[in-house]
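Reviewing the structure listed below.
Position 1 is the first residue of the sequence, and the numbers go up from there. As the structure is a computational prediction, the values presented were derived from the model and not from experiment.
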Amino acid sequence: CSRSNMEFEYDQSGDNSRLFLFGGLICYLVPATISRLTSEAKEDVNEKLQKKALLSSLCEEKYERLRLREKKGKRSVIPIWTIIYVSAWLGLFYTAYQISGYETESFYDPHSILGLSSDVTDGASIKRAYRELSRLYHPDKNPDDPEAATKFMKISKAYEALTDPATIENIKKYGNPDGPGIAQFGIALPAWVVDPENSQLILGMYFFVFLVLLPLVVGSWWYNRAQYFSDEVMLQTVKIFGTFIRGNQMSIKNLIERLCWCSEFQGIPVRPQLDRPCLEKLIKEFPDLPELKKFRYPRIPEVKLKEPAIIKSRILLYVQMSRMHDVLPKDLKEDLNYCLARIPALVDSMIEIAKYKRRLSLLMNIISLSQLMIQGLEKDSDPLMQIPHLEWAELKKMSQKKVRLKSLEEFYRTFAVECLDDEPAPEPNKKGKMKLMQVLQSMLVPEAIEDIRKFGYICPHLEVSHELTVKGETSQEITTNSTVTMVVKLRRVGMLKKYLEEAKITRENMTVTGGDAPEETAEEAKAPVIPAKYLKKKKVVKKKKKTVASKPAVAENEADKANEQPEEEPTGADTEDDKKQNNNKDEDDDNSSDDENENDVNPMGFGEIEEGDDDDDDDDEDEEDYVPPEIEDDGTDKSKLKEHKIRESVPVHCPLFPEVKEECWFVFLAMPRNDTCVTQPIKVFTLKDETEEEVELVFQTPPVADTYAFTLFVVSDSYDGVSFEEKVEMVVKKGPEQAEVEDIVSEEDSDALSDEDDSGDESDDF
């Protein structure tokens, strides 16, 4: 029909509201129900929690607490989401039942109304059918039936349509006997909403919702969000950290003090009558803590701190590091868990502050603070205390029985070798030294030894490789004032799994040779296998207090070791003897200490200029050792791809930490001698077992051509003694269009290397 001949009518009866409601429920309930049923079927919450929290028998208490919390927060007799979905489905069925009674418009057929077939055209038959139906549905004979009158009108129109030529023409042309139809547009609101009698009520509801409730909700949300710097750290906390975290006097003790000033710890419940006697006893156990009257508090405008909460949180954190949880009552244990659960987010905010300080010592102390809090260790504690069931008493017994192991790697390397022995020696060897497995069996039950084995597979061992590239340049030669990208590849494996594989290879080699391997060969077999093309690049960093998971390099011969012994304790960086030793660049010892290599860096913060004519030979060696990347750069923005990765890695074994913690690694380049970070630390939180992650460190080369020595750090935020450090040498050549540049430090570098900003009197802040 022609639109120009139609009339339009706006229906405000609200009959279409049920149709709108039915369509909305269908669009939401069907996919949401399918997604919910399939997600619950794929993964059970308890199984997921068990995989992440129940890593040893020591974690059973932690697992039970987390399981009960999950059950209390998400589970009830009838889950609330189940009630919501069932109610929504019932509403859907009821709406469908109401919609089923609606009459739909169809093509007008007068024959069907009179009960005739469509091919009947005889006037007598039509009249006879009309009379029978009119006598049956006449309003006078059906006074109590309101539908009879409507039926009678339809019968009359149908008889007229089959006998009147004009009506027959309207049916053929417009589909109804009345001529052009009316287009009705209904409103999808209930009828009571458009009822004039309810107009005042509707206006009042609109006024309350849009002018009162909505501004109140948005304002309260904005007020709460304005107090937070991130999702878990408050803005006042960042203000305190930025003011009081300095770059020169931030030991772990001072960092703990600043940590307890944060606004998050102010929510700890303070119970003076119950807490004070216990806290007064505990404070005597820690000599680093001052007396209660000598605690310091920051003075910052508009920041209100509770002194009892600061004192309480600081004492509880020292209890965590000393592992004195048995003396705490139940309420204080809950308060300690409250503080510890917020440590990872607060440490991340501290690291954000440390990025701008560019102090290596500050950054390492903050990460060490995270390790101590998560594992429950004191400063300078033995890293072996992270192994389940090994406390001070057990380590002392091991030392008495001449089993002295200084690092996790040394422990599990020995543990892996002895696990392959089918028949361990029942008696001590000739020197009176017992095997590690014998000592463990004499001290611990089999279940505890099994926990030690499980921890060996959880404890990480990193395999790190790096490559210096100059992106966007045809030549990979590093020149002054150029942008260099260090591509660091990380691969994580379980420590015990790594050393079991090495022990098996060593055992097979010994079997093939038909006898015991020489002593030097056995030592080399214990070291990680390094391809020959990487031997000139890999170096070891030996530390005095902490053992790092670095890759040892193989010395070329014994003569080189003997010649390099006088360089172990240099007297100064600018003496003539040091300059002579630095000139002979090919005699650098791969096993030199940090102090030796740090003296090769000049005071300006980039590196000392080494005079010599061996640059061309070094360049040839670098070209021979150059390994092209496995995947060439195809222009894809890898940073955007990393944003879509799920933030999930390997769970950390931390029975003293109240929450599930996953491994995170900080990757950065630094110059230890100048206590300077060359690049900002990049946090890696998606490194899983037997997988590889790639990190790009971008920095600007110095303006002076020279050979510079850096140190690559890959540090864990959860484990002590598993970090990776490696010396990196970078040869910077003069650019083709560069004039002579004076030895001047830029303002940014001078600010980072100077102590002017952090040399103020600390007492003025309290």
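From I268, atom CD1 reaches atom CD1 of I311 across 12.0 Å, with rounding to the nearest 0.5 Å. Distance check: I458 CD1 to S56 OG gives 7.0 Å after rounding to the nearest 0.5 Å. The structure places SG of C339 at 6.0 Å from CG of L316, a figure rounded to the nearest 0.5 Å. Residue E132 holds its CD atom at 9.5 Å from CG of L136, rounded to the nearest 0.5 Å. A distance of 12.0 Å separates CD1 of I367 from CG of L372, quoted to the nearest 0.5 Å. Rounding to the nearest 0.5 Å gives a distance of 9.0 Å between CG of L332 and CG of L274.
Judged by distance alone, with hydrogens and angles left aside, the side-chain atoms of S649 form a donor-acceptor pair with the main-chain N or O of E663 at under 3.5 Å. Here the side chain of S349 pairs no donor or acceptor atom with the backbone of V238 at under 3.5 angstrom. A donor-acceptor pair under 3.5 Å is absent between the side-chain atoms of D335 and the main chain of V270, judged by distance alone. In this structure, T237 contributes its side chain and S263 its backbone to a donor-acceptor pair below 3.5 Å. Listed for the Q266 side chain is no donor-acceptor partner under 3.5 Å among the backbone atoms of L305. Under the 3.5 Å distance criterion, the side-chain polar atoms of Q236 are left unmatched by any main-chain donor or acceptor of Q227. The backbone N or O of L54 sits nowhere less than 3.5 Å from a side-chain atom of K62 that would complete a donor-acceptor pair. Looking at S220, its side chain does come within 3.5 Å of a backbone N or O of L216 through a donor-acceptor pair. Under a 3.5 Å cut-off, the side chain of Q375 and the backbone N or O of F657 do not form any donor-acceptor pair. Panel note: side chain K312, backbone P269; a donor-acceptor pair is recorded below 3.5 Å.
Residues T150 and K154 are in side-chain contact: their nearest non-hydrogen atoms beyond the backbone lie under 4.5 Å apart. In this structure the side chain of L282 reaches within 4.5 angstrom of the side chain of L328, judged on heavy atoms. Annotation: side chain of K683 is not in contact with side chain of I351 (no heavy-atom distance under 4.5 Å). Looking at C654 and S718, their side chains never come closer than 4.5 Å, going by heavy atoms from C-beta outward. Side-chain contact between L656 and L58 is absent, with no heavy atoms from C-beta onward closer than 4.5 Å. Looking at heavy atoms from C-beta onward, L317 lies in side-chain contact with L340 at the 4.5 angstrom threshold. Side-chain contact between M373 and L346: absent, with no pair of heavy atoms (C-beta onward) separated by less than 4.5 Å. Side-chain contact between I310 and F265 is absent, with no heavy-atom pair separated by less than 4.5 Å.
Residues K151 and D145 are not paired through a salt bridge, judged by the lack of any N-O separation under 4.0 Å between the basic side chain and the carboxylate. Between K661 and D717 there is a salt bridge, with a side-chain nitrogen of the basic residue lying less than 4.0 Å from a carboxylate oxygen of the acidic one.
Residue T691 comes nearest to L687 through the heavy atom pair O-CD1, 3.8 Å, listed as atom of the first residue, atom of the second, then distance. The shortest non-hydrogen separation linking P277 to P272 is CD-O, 4.1 Å. Taking every heavy atom of both residues into account, N142 and A148 meet most closely at CB-CB, 3.6 Å. When all heavy atoms are compared, the tightest approach of V650 to D689 is CG2-N, 3.6 Å. Heavy-atom minimum distance, C664 versus F685: SG-CB, 3.9 Å. In terms of heavy atoms, E659 sits closest to A341 at CG-CB, 3.8 Å.
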Determine, stepwise, if the pair I240 / R258 fulfils side-chain contact (heavy atoms from CB on, under 4.5 Å). CA-CA 8 Å; I240 292 173; R258 271 65 171 174; 5.7 Å; no
Intermediate values then yes/no, salt bridge (Lys or Arg N to Asp or Glu O under 4.0 Å), R492 and E693: CA-CA 9 Å; R492 184 201 185 279; E693 286 285 334; over 6 Å; no
Step by step, work out the side-chain hydrogen bond (donor to acceptor under 3.5 Å, both in side chains) result for H325 and Q320. CA-CA 7 Å; H325 302 80; Q320 168 71 5; 2.7 Å; yes
Carefully, step by step, assess I113 and L133 under the rule side-chain contact (heavy atoms from CB on, under 4.5 Å). CA-CA 10 Å; I113 296 174; L133 293 175; 5.9 Å; no
Show, in sequence, the C-alpha distance, side-chain angles and deciding distance for L21 and L25, and conclude whether the side-chain contact (heavy atoms from CB on, under 4.5 Å) test is met. CA-CA 6 Å; L21 179 61; L25 289 175; 4.1 Å; yes
Go through the steps for H653 and C59 under the test side-chain contact (heavy atoms from CB on, under 4.5 Å), then give the verdict. CA-CA 8 Å; H653 181 271; C59 301; 4.0 Å; yes
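Applying the ring pair (Phe, Tyr, Trp, His ring centres under 6.0 Å) test to F666 and every residue at least two apart in sequence or in another chain returns nothing. By the salt bridge (charged side-chain N to carboxylate O under 4.0 Å, His left out) test, R135 is found to be paired with no residue, residues two or more places apart in sequence or in another chain being considered. For E334, there are no salt bridge (charged side-chain N to carboxylate O under 4.0 Å, His left out) partners two or more places apart in sequence or in a different chain. Every salt bridge (charged side-chain N to carboxylate O under 4.0 Å, His left out) that K355 has, sequence neighbours left out, goes to E352. Residues meeting the ring pair (Phe, Tyr, Trp, His ring centres under 6.0 Å) test with F152, sequence neighbours left out: H138.
Heavy-atom contacts from other residues, nucleotides or ligands closer than 6.0 Å to CZ of R67 number more than 12. More than 12 heavy atoms of other shown residues, nucleotides or ligands fall within 6.0 angstrom of atom CZ in R65. Atom NZ of K51 is surrounded by 12 or fewer heavy atoms from other residues, nucleotides or ligands within 6.0 Å. Around the OH atom of Y338, the shell of radius 6.0 Å holds more than 12 heavy atoms that belong to other residues, nucleotides or ligands. Other residues, nucleotides and ligands contribute over 12 non-hydrogen atoms within 6.0 Å of the CZ atom of F295. Around CD of E232, the count of heavy atoms belonging to other residues, nucleotides or ligands within 6.0 Å does not exceed 12. Around NZ of K306, the count of heavy atoms belonging to other residues, nucleotides or ligands within 6.0 Å does not exceed 12.
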Below 3.5 Å, can you tabulate the donor-acceptor pairs from side chains in residues 27-34 to any protein atom, sequence neighbours excluded?
residue	atom	partner	partner atom	Å
T33	OG1	L29	O	2.6
T33	OG1	W89	NE1	3.1

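No cation-pi contact links R314 to Y318, judged by a cut-off of 6.0 Å to the six-membered ring centre and 45° from its axis.
Checking each of F244, F241, Y297 against W261 for a ring-ring contact (aromatic ring centres under 6.0 Å, His included) leaves exactly one that passes, namely F244.
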